[in-house]
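Remarks on the structure that follows.
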Amino acid sequence: MNIVLMGCPGAGKGTQSVKLQQEFNLHHISTGDVLRAEIASGSVLGKQIAAIIDKGNLVPDEMIISMLENIIKSTTKGIVFDGFPRTVKQAEALDAMMRRLDRSITQVVMIDLPEKEVVTRICSRRQCKQCGEILHVDLSVPLSKCPACGGELYARPDDTPERARHRLDVYHQDTLPVKKYYQTGGKYVEVNGNQTPEKVFEDIQKSLK
Ligand code: ADP
């Protein structure tokens, strides 16, 4: 099973990918995490990537496609793609890569979220440095420690209101055409992302059957 999870920034792709990974023993590929790991390595490439991501723009297609190919080749498990493809060019490249490896995309799941929810969700998003848990905090109450493990919480540099709005514009312009690309293939389903993570996951599971 190879699943592409789509959705605007903040729709819950990361949370649902982890659930899919655990339930179906899949390999989780988050392009956001891959790019952030390159930034954390301190490499020259990482510095170039940080300058792009921090503004809320997409990294060039060629760069992300070549990074992805190696990761796909490194696993024989089914894959959940989180944050890829984000452009039609990436979708075409993914199809070609999968064909070369004698694999294919089984299903494309769009997590739908009303736009008015997006900016609020993104700005309240925090991640634990220790256990990686993603939470949505009440901004009126100071909270600096992870309730699960006590680790330090941080906000991503691209999770500010202006950058969130810009990422949404980029999503409309570059990523929504990917929805049309997949809609014609008969593998595309939509689930309502404006529900608890558990309910969204239940709906995703139903859509897979
Ligand atoms: P979100 O889904 O909340 O935007 P991600 O962690 O998936 O968060 O992505 C963070 C940023 O990483 C994006 O705004 C973009 O700059 C970059 N990025 C992630 N995936 C891709 C991709 N497939 N192509 C180009 N840039 C990407």
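Nothing here was measured: the structure is a model prediction, and the numbers come from that model. Count residues from 1 along the sequence. Ligands are counted one by one from 1 in listed order, and the atoms in each one are counted from 1 as well.
Among residues at least two apart or in separate chains, salt bridge (charged side-chain N to carboxylate O under 4.0 Å, His left out) pairs with a member in residues 18-40 are Asp33-Arg36.
Taking a cutoff of 4.0 Å between a charged side-chain nitrogen and a carboxylate oxygen, Lys199 and Asp203 qualify as a salt bridge. Ionic pairing of Arg125 and Asp158 is not present here: no N-O contact between side-chain nitrogen and carboxylate oxygen is shorter than 4.0 angstrom.
Remark: the backbone N or O of Glu152 is not paired with any side-chain donor or acceptor of Lys129 at under 3.5 angstrom. In this structure, the side chain of Arg165 does not engage the main chain of Val119 through any donor-acceptor pair within 3.5 Å. Between the side chain of Lys47 and the backbone N or O of Gly42, at least one donor-acceptor pair lies under 3.5 Å.
For ligand 1, the 4.0 Å heavy-atom shell contains residues Pro9, Gly10, Lys13, Thr31, Gly32, Leu35, Arg36, Ile53, Asn57, Leu58, Val59, Ile64, Gly83, Phe84, Arg86, Gln90, Arg125, Arg156, Asp158, Arg167.
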